[in-house]
Amino acid sequence: MRRRPPQPAEAAPVAPHKRHGMNVQVITDPFGRLLWASAALPGSTHDLTAAREHGSIDALATAGPKCWADKAYQGAGHHVRVPFRGRRLKRWKRRHNSTHAEIRCLGEQAMAVLKGWRLLRKLRCSTNRITDIVKAVVVLHHAST
């Protein structure tokens, strides 16, 4: 089977899901309730860059609460706890990562609440509109609980 070479006038292929990715940072309480949601950024923005841009890393450093995050936040500072990286970890590091995952699952449940809103799964608009919609979802979530 011969494939024809790409023609210069052809448009680039469209993404399979045809939706914009977005990066929204959230802060939850120890019970997994949403406390704060950031403004939406393009999905290509790294998590640590987004957190620094919103000022949440500095705010957590000054306030001093305990904070558990995923591996994407390595380098955020000693006040943000992240799991150890690597494949062949010592037993105590694996245990630490398991405990870390148990604590962090509450934050993941809060993200699942956001993703549970069908409106947020089907968005095809700018990040400015997405920010307003996310804030409305957080308000509606607080009103319903």
Side-chain angles (χ1 to χ4, degrees), residues 3 6 8-145:
R3 300 178 92 182
E10 289 181 14
V14 178
H17 298 291
K18 297 181 182 145
R19 288 179 186 77
H20 298 282
M22 62 179 165
N23 187 327
V24 176
Q25 306 287 308
V26 298
I27 296 178
T28 65
D29 67 1
F31 305 106
R33 292 183 298 237
L34 286 168
L35 297 178
W36 175 80
S38 71
L41 292 174
S44 61
T45 307
H46 191 275
D47 288 343
L48 185 56
T49 304
R52 285 184 176 144
E53 188 172 318
H54 294 303
S56 56
I57 299 292
D58 296 331
L60 289 169
T62 56
K66 294 180 180 178
C67 176
W68 284 266
D70 61 15
K71 291 179 186 177
Y73 293 89
Q74 290 205 325
H78 65 279
H79 54 280
V80 178
R81 293 167 175 84
V82 294
F84 290 104
R85 294 171 66 179
R87 291 179 182 247
R88 295 187 178 123
L89 296 175
K90 294 182 179 181
R91 185 176 298 151
W92 71 270
K93 287 185 178 182
R94 285 196 313 264
R95 237 186 345 249
H96 168 82
N97 284 357
S98 295
T99 306
H100 185 89
E102 288 173 9
I103 295 169
R104 226 174 54 77
C105 76
L106 296 171
E108 293 300 325
Q109 288 174 356
M111 284 304 295
V113 165
L114 273 181
K115 291 179 182 179
W117 286 76
R118 184 170 184 246
L119 175 68
L120 291 177
R121 289 193 310 257
K122 302 283 185 181
L123 284 178
R124 293 181 70 180
C125 57
S126 70
T127 55
N128 294 333
R129 281 190 178 161
I130 292 171
T131 298
D132 294 337
I133 293 169
V134 167
K135 289 183 181 187
V137 166
V138 170
V139 169
L140 288 171
H141 172 68
H142 284 293
S144 69
T145 56

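Since we're looking at a predicted model, the values are computed, not measured. As a basis for the values below, the full set of heavy atoms in this structure was taken, side chains included, without hydrogen atoms, waters or symmetry mates.
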For the student: nearest non-hydrogen atoms of Ala37 and Val138, plus distance: CB-CG2, 3.8 Å
Where Arg52 and Ala76 come nearest, the two heavy atoms and their spacing: NH2-CA, 4.1 Å
Show me the pairs that pass side chain to side chain donor-acceptor pair (under 3.5 Å) and involve residues 88-101, at least two apart or across chains. none
Going by salt bridge (Lys or Arg N to Asp or Glu O under 4.0 Å), name the pairs with one or both residues in residues 128-138, residues two or more places apart or in two chains. none
Determine whether a donor-acceptor pair (N or O, by modelled atom type, separation under 3.5 Å) exists between the side chain of Thr131 and the backbone of Ala39. no
Show me the donor-acceptor pairs, under 3.5 Å and distance only, between side chains in residues 103-119 and residues at least two apart or in other chains.
| residue | atom | partner | partner atom | Å |
| --- | --- | --- | --- | --- |
| Arg104 | NH1 | Glu108 | OE2 | 2.8 |

Non-hydrogen side-chain atoms of Lys71 and Val82 separated by less than 4.5 Å: no
Do His79 side-chain atoms and Asp58 backbone N/O form a donor-acceptor pair below 3.5 Å? no
The criterion is side chain to side chain contact (heavy atoms under 4.5 Å, CB included); which residues satisfy it with Pro30, sequence neighbours excluded? none
Where Pro83 and Ala69 come nearest, the two heavy atoms and their spacing: CD-O, 3.4 Å
Compile the donor-acceptor pairs under 3.5 Å between side chains in residues 40-50 and protein atoms, sequence neighbours left out, one pair per line.
| residue | atom | partner | partner atom | Å |
| --- | --- | --- | --- | --- |
| Thr45 | OG1 | Pro42 | O | 3.0 |
| His46 | ND1 | Leu48 | N | 3.1 |
| Asp47 | OD1 | Asn23 | ND2 | 3.1 |

Pairing residues for Asp29 by the salt bridge (Lys or Arg N to Asp or Glu O under 4.0 Å) criterion, not counting sequence neighbours: Arg33
Mind checking what makes side-chain hydrogen bond (donor to acceptor under 3.5 Å, both in side chains) contact with Arg85, not counting sequence neighbours? Gln74
Kindly write out the residues that satisfy salt bridge (Lys or Arg N to Asp or Glu O under 4.0 Å) with Arg81, not counting sequence neighbours, or none if the list is empty. none
Got Cys67 and Tyr73 here, is their nearest side-chain heavy-atom distance under 4.5 Å? no
